[in-house]
Amino acid sequence: MSKRKNPSSNDAPNADFCEFLMELSEYEKNVNRNIHKYNAYKNAASVLASLNKKIESGDEAKKLKGIGEKIAKKIDEFLQSGKLKKLENIHQDIEAKTISLFTRVSGIGPVKAADLFKGGLRTLKDLKNNRDKLNHHQIIGLKYFEDFEKKIPRSEIIAIENKMKENIYKLDPKFTVTICGSFRRGKSESGILYKLRDDLPYRRLDIRLVPCEKYYCAVLYFTGSDVFNKAMRTHALEKGFTLNEYSLRPIGSTGLPGEPVPLSSEEEIFEYIDYPYKKPEERNK
DNA sequence: AATAGGCTTGG
DNA sequence: CCAAGCC
């Protein structure tokens, strides 16, 4: 008899652990401003996320790369009690709660959030009443706070893609339209503003028009993920290149980047820096 | 010790 | 021009 697929438990048996580790990770970044703890928690979560066997104890978890004494103890505490004292405390803390909320506004980071809290602001309504304390980016982020957090269903993205292709090809059939981001990596997500219909939420779309010679670097960059990009750019540096969203350039003996390498495919970027090619769906970490 | 690079803002 | 902050 064949086994039925069970995405919720079979697919991600350690999802509970990942969830609290990600929350701790966000706390360390936004409230505590400890980037290294942020990374440590995030890495631990990512290691557990890609594991398809349920972890039964802290000791077992400790064998994994990226999980040490402290996180192992938290896993044990969570296994025994179903919660974490540390997180419970954070949830009670007004400052932590406020800063966590404010950093969800696009354009507000840990520093600005703490500054707003110090100024006595506590709620999104407070922010709306104090727009003079925000820059343009943050005002837009606040205006569309809820909508920007919504994921765009894949089907809606495909509809947008078709509409864009239709209109842009009419302009000039030589244009190429490519949807990037997690959509291209096989998932569904977003990033100018448009409204299709009044009953649908506002969506944030990043639309870039790039010249042909920069197309492949742009597509590579906008496909992500961010972690994947960082890893690949680090590798590029080791191989004597600098890679950004516009070009791949060799770093000369002066230490300065030279002329961009001519490219005719995404794969070529990988080849130049001797990095194993990954299909978009394999770039999720 | 730890994983890039660019844009905006403020000085 | 530079540094900080944010993405």
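Chain identifiers are assigned alphabetically (A, B, ...) following the order of the sequence lines, protein sequences preceding nucleic acid strands; residue numbering begins at 1 within each chain.
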Hey, does the side chain of A:E77 reach the backbone of A:K85 with a donor-acceptor pair shorter than 3.5 angstrom? yes
Between B:dA4 atom P and A:L237 atom CG, what is the distance in whole Å? 7 Å
Using modelled atom types and a 3.5 Å cut-off, is there a donor and acceptor pairing between side-chain atoms of A:R185 and backbone atoms of A:E282? no
Without decimals, in angstroms, what is the distance between A:L248 CG and B:dG5 C1'? 14 Å
Tell me which residues in residues 17-47 of chain A lie within less than 4.0 Å of DNA chain B, going by non-hydrogen atoms. A:H36, A:N39
More than 12 heavy atoms of other residues, nucleotides or ligands under 6.0 Å from NZ of A:K53: is that the case? yes
Reported CD1-to-CD1 distance for the pair A:I108 and A:I139, which is rounded to 0.5 angstrom: 10.0 Å
Return the residues of residues 217-236 of chain A meeting this criterion: a heavy atom under 4.0 Å from some atom of DNA chain B. Order them by number, or give none. A:K230, A:R233, A:T234
So, does A:N130 use its side chain to make a donor-acceptor pair with the main chain of A:K133 at under 3.5 Å? no
Is A:F270 isolated, or which residues cluster with it under the ILVMFWY side-chain rule of less than 4.5 Å, directly or via members? A:V210, A:Y215, A:Y216, A:V219, A:L220, A:F228, A:M232, A:F241, A:L243, A:L248, A:V261, A:L263, A:I269, A:Y272, A:I273, A:Y275, A:Y277
Is a side-chain N or O of A:D126 found less than 3.5 angstrom from the main chain of A:T123, in a donor-acceptor match? yes
Tell me the closest heavy-atom pair linking A:L121 and A:T98, and the distance in Å. O-CG2, 3.6 Å
Could you identify which residues of residues 113-124 of chain A place a heavy atom less than 4.0 Å from some atom of DNA chain C, listed by residue number, or say none? none
Surrounding NZ of A:K86 (heavy atoms of other residues, nucleotides or ligands, distance under 6.0 Å), is the total greater than 12? yes
Are A:L21 and A:L79 co-members of a hydrophobic cluster defined by side-chain heavy atoms under 4.5 Å apart? yes
How far does the P atom of C:dC7 sit from the matching atom of B:dT3, given to the nearest Å? 22 Å
Below 3.5 Å between N/O atoms, which protein atoms pair up with nucleotides 8-11 of chain B? Just atom names and distances, please.
none

Between CG of A:N135 and NZ of A:K112, what distance do you get to the nearest 0.5 Å? 7.0 Å
Walk me through whether A:S264 and A:E268 qualify under side chain to side chain donor-acceptor pair (under 3.5 Å). CA-CA 7 Å; A:S264 56; A:E268 272 184 23; 2.7 Å; yes
With respect to A:F145, which candidate in A:I140, A:L127, A:L124 satisfies the side-chain contact (heavy atoms from CB on, under 4.5 Å) definition? A:L124
A:N167 vs A:F175, side chain to side chain contact (heavy atoms under 4.5 Å, CB included): CA-CA, chis, key distance, verdict: CA-CA 11 Å; A:N167 286 284; A:F175 281 126; over 6 Å; no
Phosphate OP1/OP2 of B:dG5: any A:T242 side-chain N/O under 4.0 Å: yes
At a heavy-atom distance below 4.0 Å, which nucleotide of DNA chain C is the first touched by chain A, and which is the last? C:dG5 to C:dC7
A:R249 has an atom CZ; how far is it from atom P of B:dA4, in whole Å? 16 Å
Take a 6.0 Å sphere around CD of A:E259 and say whether it holds more than 12 heavy atoms from other residues, nucleotides or ligands. no
